[in-house]
A.B. asks: 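To start, I am sharing the structure in question, which I have written as structure tokens.
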Amino acid sequence: VLPRHVSTHAAGIVLAPEPLDGLVPLFPGAGGAVTQFPMEDLERLGLVKMDFLGLRNLSLLDRTVRSLSRAGVAEIDLRTLSLDDAETYRMLARGETDGVFQLESPGMRRLLVELRPSAFDDIVAAIALYRPGPMDQIPAYLRAKRRPEAVRYPHPALRPILEPTYGVIVYQEQIMRIAEALAGYTLGEADLLRRAVAKKDRSALEGERARFVERAVGRGVPKAEAEAVYDLIVRFADYGFNKSHAVAYALIAYQTAYLKAHHPLYFYTELLNSVIGDADKTAAYLDAARRAGIRLLGPDINASAALFRVEGPWIRFGLLPVKNVGRQAAEAIERARADGPFRSLIDFLVRVDARAVSRRVVEALIVAGAFDALAGGRANRAKLLAGLDEAYRRADALRETAGQGALFADDGAPEEAFEAARAVDPYSPEELARLEREVLGVVLGEHPLHRFMPVLRHPSVTRLAALSTHRPDERVRVAAELVAVRPRTTRRGEPMASLFLDDLTARLWAVVF
């Protein structure tokens with residue numbers, strides 16, 4: 001059923017036990033894609049709109065806590081977690097927020113570095129302030145936080161309401177309390193004012209001004225002060241946020257930050273597992289884990305599970321994060337390995353299900369270094385790829401003679417298993433780095449930038465990871481590897497390009513006109 005004036009291309013569906021006034025039935029196929037029902041119509045009908053958010057971060061929290069428990073490292077109950085952990089706030093104040101809910105963006109990192117949060121309310125305020133509208137109030141909030149004694153209030157009754165936010169209206173709930181304290185509004189009346197603010201309904205706000213001022217004056221408030229307070233309310237309409245929402249988000253942010261601060265190994269492992277399939281996020285979090293001092297072990301055909309996992313003090317790459325390796329292939333490899341470790345590339349090709357593990361998968365695993373351990377960790381990956389045709393031929397022959405006891409006759413190292421492969425030079429460090437980045441999203445071996453460390457560490461050079469601590473309009477000098485270039489054109493048809501930069505501390509996109 002839909003209001004008569006609502007297009008079916010921009011409406012949702014309301015289920016009702018009987019026809020409602022102002023609505024017409026919507027039959028299957030009667031209109032286009034049905035995606036959203038206008039809020040105003042829902043309210044006019046006396047219905048309630050609810051948003052249900054599915055957050056990946058909740059699964060991340062649960063899996064990290066379970067991993068810590070299974071490993072016997074810690075038993076953590078997030079429901080009773082203390083909200084005053086000093087190490088967590090020190091980490092946030094440094095802007096180290098990779099993987100922390102709501103606090104990851106460069107602008108938010110910059111805000112946290114300036115804000116130096118030391119209590120849960122600081123996180124709540126940061127989340128409420130860092131919105132397109134509230135950002136205008138951030139400088140005033142930071143100045144007042146540094147010098148709370150300099151804060152002035154339009155009326156003494158506002159002090160207990162605005163003192164926690166240093167004289168700045170940050171939350172919609174403060175609007176309700178101001179209307180109640182100054183103009184004697186009931187909470188129901190105050191909520192109507194709050195809704196007008198939340199919806200930026202300028203006509204409703206201006207229509208309410210006379211009523212607010214009149215009632216405030218009737219309670220002994222000078223008219224000029226009442227007008228000034230209402231001006232604050234109208235100005236707040238540009239950036240209103242409700243505290244209940246900010247608190248809920250801040251709690252999840254704090255919980256993820258706490259786990260990261262105290263258990264980075266397990267946190268990063270589950271964080272990486274939560275973004276498998278998203279190459280950009282996987283690469284970013286791999287870099288962040290390494291910057292946190294966590295060593296990454298490459299994929300290993302005999303040691304890797306499907307997902308990332310903790311292996312001693314390190315994180316072992318899973319099979320699934322390797323490009324072109326899907327879940328079906330990873331599960332097939334694990335099933336075959338249940339009969340014992342693979343002894344060579346040919347042994348691997350004989351034992352795995354070729355329907356699940358295609359040649360494309362095998363090539364990606366070779367390039368990723370998953371077979372290196374079979375050659376003592378020093379396999380010539382270029383030669384393995386060059387000899388793959390011969391390896392498949394030998395594997396087929398071994399399968400045919402399996403009934404004659406020859407199935408596992410070939411115990412040679414992968415490079416020795418097919419001597420017919422022509423001599424192939426190993427990949428250069430630059431080429432190997434390019435291939436690893438392509439299939440893993442990160443360089444695990446020798447990075448091309450290592451030889452440029454004197455340049456990268458020069459005092460005049462700003463590392464990419466530190467950019468979030470600088471002002472948006474500040475000019476800095478960086479040194480980085482140009483990983484990728486994507487030429488584009490502007491709307492005017494002029495050339496531009498996106499550049500992907502890497503300096504071992506971070507990776508980011510830059511724009512050049």
A.B. asks: Indicate whether the side chain of Ser344 and that of Asp347 have a donor and an acceptor atom separated by less than 3.5 Å.
C.D. replies: no

A.B. asks: Using 4.0 Å as the upper bound for N to carboxylate O, is an ion pair formed by Arg437 and Asp502?
C.D. replies: yes

A.B. asks: For Arg359, does the CZ atom have more than 12 heavy-atom neighbours from other residues, nucleotides or ligands under 6.0 Å away?
C.D. replies: yes

A.B. asks: So that I can tick it off, tell me whether Arg434 and Glu431 are bridged by a salt bridge, with the cut-off set at under 4.0 angstrom between side-chain N and carboxylate O.
C.D. replies: yes

A.B. asks: Passes side chain to side chain contact (heavy atoms under 4.5 Å, CB included), Leu388 versus Ile366? Steps please.
C.D. replies: CA-CA 10 Å; Leu388 199 51; Ile366 290 173; 4.1 Å; yes

A.B. asks: Between the main-chain N or O of Lys383 and the side-chain N or O of Asn380, is there a donor-acceptor pair closer than 3.5 Å?
C.D. replies: yes

A.B. asks: Could Arg66 and Glu75 be called an ion pair, given the rule that one side-chain N must be under 4.0 Å from one carboxylate O?
C.D. replies: no

A.B. asks: For Glu173 and Ser244, indicate whether the former's side chain and the latter's backbone hold a donor-acceptor pair under 3.5 Å.
C.D. replies: yes

A.B. asks: Would you say the ring centers of Phe371 and Phe342 fall short of 6.0 Å from each other?
C.D. replies: no

A.B. asks: Do the side chains of Glu436 and Lys323 get close enough for a salt bridge, i.e. N-O under 4.0 angstrom?
C.D. replies: no

A.B. asks: With under 30° as parallel and over 60° as perpendicular, where do the rings of Phe308 and Phe317 fit, or are they tilted in between?
C.D. replies: tilted

A.B. asks: Could you tell me whether a side-chain N or O of Arg337 sits under 3.5 Å from a main-chain N or O of Ala332, the two making a donor and an acceptor?
C.D. replies: no

A.B. asks: Do Ser304 and Arg316 have a side chain donor and acceptor closer than 3.5 Å?
C.D. replies: no

A.B. asks: Less than 6.0 Å separating the ring centroids of Tyr285 and Tyr268?
C.D. replies: no

A.B. asks: At what distance, to the nearest 0.5 angstrom, does OG1 of Thr462 lie from CZ of Arg475?
C.D. replies: 12.5 Å

A.B. asks: Any carboxylate oxygen within less than 4.0 angstrom of a Lys/Arg side-chain nitrogen, looking at Arg457 and Asp503?
C.D. replies: no

A.B. asks: Once the angle between the rings of Tyr258 and His262 is folded into 0 to 90°, is it parallel (under 30°), tilted (30 to 60°) or perpendicular (over 60°)?
C.D. replies: tilted

A.B. asks: State, yes or no, whether a side-chain contact exists between Gln102 and Ile252 at a heavy-atom distance under 4.5 Å.
C.D. replies: no

A.B. asks: Apply ring-ring contact (aromatic ring centres under 6.0 Å, His included) to residues Phe120 and Tyr89 and explain how you reach the verdict.
C.D. replies: CA-CA 9 Å; Phe120 183 70; Tyr89 290 111; 8.2 Å; no

A.B. asks: Any Lys/Arg nitrogen of Arg451 or Glu481 sitting under 4.0 Å from an Asp/Glu carboxylate oxygen of the other?
C.D. replies: no

A.B. asks: Establish, from distance only, whether the side-chain atoms of Glu270 and Ser67 form a donor-acceptor pair under 3.5 Å.
C.D. replies: yes

A.B. asks: Does a donor on one side chain sit under 3.5 Å from an acceptor on the other, for Glu104 and Thr97?
C.D. replies: no

A.B. asks: Between atom CE of Met496 and atom CZ of Phe513, what is the distance when rounded to the nearest 0.5 Å?
C.D. replies: 4.5 Å

A.B. asks: Please check this pair: side chain of Glu96 against backbone of Leu92, looking for a donor-acceptor N/O pair closer than 3.5 Å.
C.D. replies: no

A.B. asks: If you measure from the Lys or Arg side-chain nitrogens to the Asp or Glu carboxylate oxygens, is any gap between Arg291 and Asp98 under 4.0 Å?
C.D. replies: yes

A.B. asks: Going by heavy atoms in the side chains, are Leu115 and Lys145 under 4.5 Å from each other?
C.D. replies: yes

A.B. asks: Is a side-chain donor or acceptor of Thr165 paired with a backbone partner of Ala125 at a separation under 3.5 angstrom?
C.D. replies: no

